[in-house]
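Okay, structure first, notes after.
Whatever order the structure lists ligands and atoms in, that order sets their numbers, starting from 1.
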Amino acid sequence: MGIRNVVLLSHQGAGKTSLAESMLFSAGAIQRLGSVEEGTTTSDYDPIEIERHIGINLSLLPFEWKETRVNLIDTPGYADFTSEVKSGLRVTEGAVIVVCAASGVEIGTEQMWAAVERLGLPCLLFVNKMDRDNTDFYNTLGQIQKKLGKKCLPAQLPIGAQSDLRGVVDLITMKSYFGFPVEEKEIPSELEEKAASFREKLIEAAVEIDDALISKYLEGETISDEEIFGAVKQATLSGKLVPVFAGSALRGIGTQSLLDAIHHYLLSPEETTIIATNSTGEKEVVRPSIDSPLTSLVFKTTADPYVGKLSYFRVYSGVISSNSQVWNANKRGMEHIGQLFTLLGKNQQPVSQLGAGDMGAVARLNLTTICDTLCAPEHSVVLAGIDFPKANFSMAVYPRTKTDLDKMSTVLSRISEEDPSLQMRRDPDTNEFIISGIGDNQLDIIKEKMRRKFGVDVRLDLPRVPYKETITIATKAEYKHKKQSGGHGQYGHVFLELTPLPKGGGFEFAEKIFGGAIPQNYIPAVEKGVNETKQEGILAGYPVTDLKVTLYDGSFHSVDSSDIAFKIAASQALKKGLSQGQSVLLEPIMNLVIIVPEACTGDVISDLNTKRGRVLGMSPAADYSEGGEESSGRMVIKAQAPCAELLRYTIDLRALTQGRGDFVMEFDHYEEVPSHISQKVIAAQKEHQKSA
Ligand code: GDP
């Protein structure tokens with residue numbers, strides 16, 4: 001049986017999940033058609049997905065259609081979950097992009113299109129929701145051709161429209177397919193002319209791929225349906241043609257024809273070339289056959305508190321068997337494979353083996369994480385991993401109770417295993433626990449998962465900015481700590497010199513005591529006092545930096561002096577010195593590289609101005625797509641802006657560019673906070689300390 005691995009892509013809400021459900025039902029893989037509204041689809045089974053009516057995870061939906069096993073991967077449409085899309089794209093040989101007939105080509109459609117083009121993945125388009133009011137196939141087609149390119153050509157036409165949608169005409173077989181289940185009939189007479197003209201366009205584009213067929217076509221010879229199928233397939237695989245289909249996922253119209261198209265036009269895994277890196281670092285070709293040694297790639301893992309870790313994998317060559325040992329080429333260790341199964345959404349079907357081209361899952365792998373290659377021990381190769389998007393949006397995590405605190409980091413590291421775009425760290429400056437991801441929706445869902453799946457309750461807040469403090473002028477400060485009334489006295493006396501260091505100079509302590517003004521054994525106590533005090537500056541408790549403190553004089557008392565007395569004296573002297581040295585707050589300044597459509601450049605720049613940003617340069621971006629008349633023309637803006645203004649930049653840039661912008665941000669240097677802002681920061685920090 002042949003295999004087709006297909007990823008389903010679209011802008012959020014175009015109907016992927018409904019279409020997947022309709023395909024599963026048509027193929028007999030499910031007996032009851034689920035609905036998104038009722039939360040009963042096979043693809044979106046997670047309670048969070050059901051509640052929010054959105055997909056957040058990719059789901060693996062295998063079924064059989066006319067002697068072909070289709071592994072359909074349904075993906076989430078929201079930008080926050082692009083990691084799932086990347087995984088889906090990595091392990092499939094073809095894509096179906098769903099376009100909503102009512103909304104047309106949306107931002108998400110363009111983004112999915114660009115991703116498919118970049119990878120050179122053969123693609124079919126499905127214009128869905130043709131049953132809805134105010135939809136017109138030819139309008140949507142016009143928009144598709146304008147925005148995505150003229151190579152998008154109908155392979156089918158709808159019969160009837162809106163509430164009267166009845167079926168589709170196939171432009172190759174020139175038959176009509178009505179209703180659900182499908183009934184084959186002749187083309188309605190009113191569509192004959194239109195169908196002939198669109199068929200002509202499709203054939204013209206398809207035969208271009210084959211010289212012999214072109215001459216046959218030009219000489220007016222008949223070309224068989226088989227030849228046309230073959231030519232459309234070749235043109236689709238080479239990216240010269242993107243066949244367009246139409247229908248309604250809810251009414252099951254067009255679904256079966258789309259399934260036929262997947263079978264006819266998309267690649268079988270056996271037809272692909274797979275390149276891997278062997279143990280000597282050289283590239284080698286892996287033959288995608290069951291007779292080759294095993295190579296497989298883990299493309300998703302899920303963490304479940306009860307079943308444990310589940311790893312989804314795609315087999316590229318050879319066979320993987322239940323209860324066997326395989327070699328993890330990335331971790332360089334043997335891994336035990338327990339019971340293998342195939343998945344249909346959440347339902348697991350145990351299987352004894354899975355062969356080249358197929359996909360499945362296995363529970364509780366020890367060593368293995370996402371993107372690892374599992375292979376035959378005697379033939380170690382590594383397959384290319386998945387290029388996950390960069391985590392740009394951060395939040396600080398605050399546990400609600402002591403128990404939540406204890407469990408928090410373990411649970412987060414389990415969750416981050418299933419979401420590779422998630423990163424975690426403790427900020428050494430603010431001491432906050434920070435999680436970073438693609439966007440606010442994603443982090444919100446992480447919080448929800450922590451609570452529902454693992455019973456850990458946390459609050460998310462924008463991270464605190466790691467301000468610092470430094471002095472602006474050199475100064476000297478003296479402090480004498482003296483308590484000599486009654487009992488054992490205390491005596492410590494120091495003179496400190498405070499000198500500003502250049503930006504990024506950090507902190508230094510030195511001593512130049514002459515003639516034993518302070519005995520050597522008290523100097524470590526002075527240094528300790530200075531070090532402790534510089535952790536919390538005098539303005540708002542932020543650490544002091546870019547400062548050299550020199551102990552150059554002092555005095556002691558042979559009986560009353562002690563380490564503690566010198567520590568106190570040093571601490572007080574430093575505080576005095578910071579105040580005399582006119583200390584100021586410093587803030588982190590970030591480097592930004594922003595890529596936006598040219599039309600948004602003005603808005604993005606004026607927004608940067610309101611964020612105290614500085615534009616350093618602007619240049620046209622390398623073109624990222626072909627064909628579409630409106631999809632090129634992106635600009636790269638290089639800029640710097642304070643971290644404090646950029647905490648929500650992911651969200652702001654999305655709003656400014658309707659989701660078309662992208663950016664990377666990294667810390668560059670610290671700079672003095674302008675005084676009017678500094679006052680606000682200090683006031684806010686005092687408020688925070690009061691409430692803490
Ligand atoms: P996804 O986000 O791309 O997976 O889209 P869904 O399958 O969740 O569908 C989004 C919404 O569109 C749901 O309310 C569906 O019921 C609705 N929908 C999906 N397909 C159709 C269709 O063919 N016709 C109509 N009228 N509504 C549809």
Inset, instruction - State whether Y312 and R314 meet the cation-pi test: NZ (Lys) or CZ (Arg) under 6.0 Å from the six-membered ring centroid, and within 45° of the perpendicular axis. - result: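 Judged by the rule (NZ or CZ under 6.0 Å from the ring centre, within 45° of its axis), R314 is not positioned above Y312.
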
Going by atom type alone, with no hydrogens or angles, which donor-acceptor pairs under 3.5 Å involve a side-chain atom of residues 17-30 and a protein atom two or more places apart or on another chain?
residue : atom : partner : partner atom : Å
T17     : OG1  : D74     : OD2          : 3.0
E21     : OE1  : T42     : N            : 2.8
E21     : OE1  : T42     : OG1          : 2.8
E21     : OE2  : G34     : N            : 2.8
E21     : OE2  : T42     : OG1          : 3.4
S22     : OG   : T255    : OG1          : 2.8
S26     : OG   : S22     : O            : 2.8

Inset, instruction - With a 4.0 angstrom cut-off on heavy atoms, strictly below it, pick out the residues next to ligand 1 and order them by chain and number. - result: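 Shell around ligand 1 (4.0 Å, heavy atoms): S10, Q12, G13, A14, G15, K16, T17, S18, V36, E37, N128, K129, D131, R132, S248, A249, L250.
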
Inset, instruction - Identify the residue among T272, T92, N71 that makes a side-chain hydrogen bond (donor to acceptor under 3.5 Å, both in side chains) with N5. - result: N71

Inset, instruction - Please name all residues satisfying side chain to side chain contact (heavy atoms under 4.5 Å, CB included) with A261, sequence neighbours left out, ordered by chain then number. - result: L124, F245, Y265

Legend entry - Pairs satisfying salt bridge (charged side-chain N to carboxylate O under 4.0 Å, His left out), at least one member in residues 29-38, at least two apart: none

Inset, instruction - Measure the shortest side-chain to side-chain distance between S268 and R4 over non-hydrogen atoms and say whether it is less than 4.5 angstrom. - result: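 Yes, side chains in contact.
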
